[in-house]
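Each remark here refers to the structure printed beneath this line.
All ligand and atom numbering here is 1-based and tracks the order in the structure. Only this structure's heavy atoms are used, side chains among them; waters, hydrogens and symmetry mates stay out. Here, residue 1 is the first one in the sequence, and each next residue gets the next number.
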Amino acid sequence: MTKKEETNAQADEMVVTPWEVSGVMDYKKLVKKFGTTLLSQKEIDVMKKYSKDGLHLLLRRGLFFSHRDFDWILKQYEKGEKFVLYTGRGPSGHTHLGHLVPWIFTKWLQDIFDVELYFQMTDDEKFLFDQKMPFQETRDFAYENAKDILAVGFDPKKTHFIFDSQLTSTMYRIAVEVGKRVTFSTARAVFGFTNESNIGMIFYPSIQAMPCFLPTELKGKNTPVLIPAAIDQDPYWRITRDVAPKLGYYKPAAIHCKFFPGLAEGGKMSASQPETCIFTTDTPKLAQKKVMRSYTGGRETMEEQKELGGEPDKCNVYWYEYYLFESDDKKIATMRKDCLGGKLLCGQCKKALAEKLSKFLEEHQERRNKITKEQVDKLIIKE
Ligand code: TYM
């Protein structure tokens with residue numbers, strides 16, 4: 001096998017579903033497989049026009065990279081038809097940095113376009129999909145996670161929570177309308193359900209589809225919806241988009257991000273590997289410890305590193321700086337060059353990142369600690 005064939009074979013093993021992300025990511029291939037579209041300069045230029053401070057780093061550096069109908073959303077916006085944002089969280093534990101990434105970007109979109117956000121907390125999903133999860137635990141985590149969401153800085157006047165365990169009659173009616181129009185065979189093909197899947201799981205996609213149509217029902221007029229999330233959630237939008245015209249709604253649009261890496265070699269940040277994951281509740285000291293143990297693109301010995309140089313493309317520390325912490329293009333280019341040239345050693349980079357991360361966590365936690373359950377409750381849609 002040639003090297004190219006080998007890489008292709010590995011990419012073939014790539015699995016991306018709402019419940020599993022594994023294998024070597026080949027995002028170009030994924031876009032083709034899912035039938036989404038790469039973001040183009042046209043959409044980027046429109047965002048630039050509305051942002052006073054230029055493009056967000058997550059966009060400029062390409063973590064957000066793909067979409068469905070985002071061009072249409074922007075066209076309607078320019079004609080004066082405002083969209084709303086919709087995103088969500090399955091509250092199975094504490095929030096990690098990977099979850100924050102799409103939320104940070106969603107806040108930026110809320111700010112530049114001055115739009116409302118509907119945020120769904122799928123405590124039912126986590127109860128149904130995890131055999132060991134007691135319902136009360138996921139309901140409690142929903143409130144804990146909601147504090148992180150508000151700590152990101154969304155405008156509370158323009159932010160609404162949907163807590164699935166507190167579904168309203170309008171929400172339930174929409175979910176049932178969706179459920180009636182998706183066959184088991186479609187759901188099985190899209191989500192891989194088997195005879196062992198419980199029947200709650202099979203109905204659940206209707207619940208995640210529902211917020212795409214809720215704003216239209218609440219406002220009494222067809223309302224465009226844009227969903228910022230990692231690309232793992234896209235299978236939901238595929239079925240929702242099929243159903244939308246049958247119910248007289250606009251198809252929801254989506255803007256997708258790649259997966260923010262964990263601290264181990266390869267793979268996305270995932271709570272299932274807590275030692276490679278930075279939780280928003282980690283003490284800055286613990287987070288520093290995790291960073292100091294991170295996988296990097298470094299060589300076996302210092303001598304080899306100086307001679308051969310490091311491999312930034314394989315290095316989590318580099319990617320954390322690239323996507324989140326180092327916005328200065330010149331500094332990131334120098335970091336890359338010095339790493340490749342063997343001038344920069346992994347210990348130095350880890351230490352610098354650990355400091356930035358500590359500061360980030362301290363600031364986030366300060367905001368988070370001020371948010372009460374009552375403040376969250378006030379934003380939950382109750383009728
Ligand atoms: P959940 O709780 O698995 O993830 C919450 C959000 O975080 C994104 N995400 C990541 N993004 C970048 N890098 C990572 N390593 C990473 N890990 C997770 C997810 O794509 C998601 O945007 N079923 C959903 C809850 C949900 C939802 C939605 C999500 C309901 N409605 C609408 C997005 C949009 C879930 O369990 O997400």
*Using a heavy-atom cut-off of under 4.0 Å, does the side chain or the backbone of Gln233 touch ligand 1, or both, or neither?*
side chain
*Using a strict cut-off of 4.0 Å, indicate which atoms of ligand 1 neighbour a heavy atom of Lys258.*
12 (C)
*Got a donor-acceptor contact below 3.5 angstrom from the Tyr236 side chain to the Gln208 backbone?*
no
*Please determine if Cys257 has a nitrogen or oxygen closer than 3.5 Å to a nitrogen or oxygen of ligand 1.*
no
*When the ring centroid of Trp319 is compared with that of Phe260, is the distance short of 6.0 Å?*
no
*Just need the protein heavy atom nearest to atom 22 (O) of ligand 1, so name the residue and atom and give the distance.*
Ala229 CB, 3.4 Å
*asked:* Can you see whether Ser66 engages Thr36 through a side-chain donor-acceptor pair at a distance of less than 3.5 angstrom?
replied: yes
_Which residue and heavy atom of the protein sit nearest atom 20 (O) of ligand 1, plus the separation_ = Asp232 OD1, 2.7 Å
*Would you please say whether a donor-acceptor pair under 3.5 Å links the side chains of Glu177 and Tyr249?*
no
*Given that the side chain starts at C-beta and the backbone is N, CA, C, O, which of these parts of Thr87 lies under 4.0 Å from ligand 1, counting heavy atoms, or is it both or neither?*
both
*Of Thr95, Thr280, Leu97, the residue whose pairing with His364 passes side-chain contact (heavy atoms from CB on, under 4.5 Å)*: Thr280
*Heavy atom of the protein closest to atom 17 (N) of ligand 1 (residue, atom name, distance)*: Lys268 NZ, 3.7 Å
_Out of all atoms in ligand 1, which are within 4.0 Å of some heavy atom of Thr122? Include the element for each._
25 (C), 30 (C)
_Numbering as shown, the atoms of ligand 1 that approach Gln120 to under 4.0 Å (heavy-atom distance)_ = 30 (C), 31 (N)
_Is a donor from one side chain sitting under 3.5 angstrom from an acceptor on the other, for Ser358 and Glu355?_
no
*Looking at Ile227, which atoms of ligand 1 are within less than 4.0 Å of one of its heavy atoms?*
34 (C)
*Examine the proximity of ligand 1 to Ala230 and report which part, side chain or backbone, both or neither, has a heavy atom under 4.0 Å away.*
both
*Tyr204 and Phe163: same hydrophobic cluster, using ILVMFWY side-chain contacts below 4.5 Å?*
no
*Do Asp377 and Tyr143 have a side chain donor and acceptor closer than 3.5 Å?*
yes
_Common cluster, Val243/Phe203, ILVMFWY with side-chain heavy-atom separation under 4.5 Å_ = yes
*Sub-3.5 Å N/O-N/O distance, Gln208 and ligand 1*: yes
*Relative to the heavy atoms of Phe259, which atoms of ligand 1 are at a distance of less than 4.0 Å?*
13 (N)
*What residue and atom, counting heavy atoms only, is the protein's closest point to atom 13 (N) of ligand 1, and at what distance?*
Phe260 N, 2.8 Å
_Polar side chain donor-acceptor pair, Tyr318 to Glu326, under 3.5 angstrom_ = no
_Can you see whether Gln120 engages Thr122 through a side-chain donor-acceptor pair at a distance of less than 3.5 angstrom?_
no
*If you have a sec, work out which protein heavy atom is nearest atom 11 (N) of ligand 1 and how many Å separate them, to one decimal?*
Gly98 O, 3.1 Å
*So which bit of Lys126 gets within less than 4.0 Å of ligand 1, heavy atoms only: side chain, backbone, both or neither?*
side chain
*Starting from atom 31 (N) of ligand 1, locate the nearest protein heavy atom and write down its residue, its atom name and how far away it is, to 0.1 Å.*
Tyr86 OH, 2.8 Å
*asked:* For ligand 1 and Pro102, I'd like to know whether there is a polar contact (N/O to N/O, distance under 3.5 Å).
replied: no
*Judged by atom type as modelled, is there a donor-acceptor pair below 3.5 Å linking the side chain of Gln305 to the main-chain atoms of Cys339?*
no
_Nearest-contact summary for atom 5 (C) of ligand 1 - protein heavy atom, Å_ = Gly88 O, 3.5 Å
*Do the non-hydrogen side-chain atoms of Thr170 and Ile381 ever get within less than 4.5 Å of each other?*
no
*How close does the nearest protein non-hydrogen atom get to atom 37 (O) of ligand 1, and which residue and atom is it?*
Gly90 N, 3.7 Å
*Looking at Glu125, which atoms of ligand 1 are within less than 4.0 Å of one of its heavy atoms?*
23 (N), 24 (C), 25 (C), 35 (C), 36 (O)
*Using modelled atom types only, decide if a donor and an acceptor are shared between the side chain of Asn222 and the backbone of Gly248 within a distance under 3.5 Å.*
yes
*Heavy-atom contacts under 4.0 Å between His99 and ligand 1: side chain, backbone, both, or neither?*
both
*asked:* Please report whether ligand 1 has a polar contact with Arg89, defined as an N or O pair separated by less than 3.5 Å (distance criterion only).
replied: yes
*At under 4.0 Å between heavy atoms, which part of Trp237 makes contact with ligand 1: side chain, backbone, both or neither?*
side chain
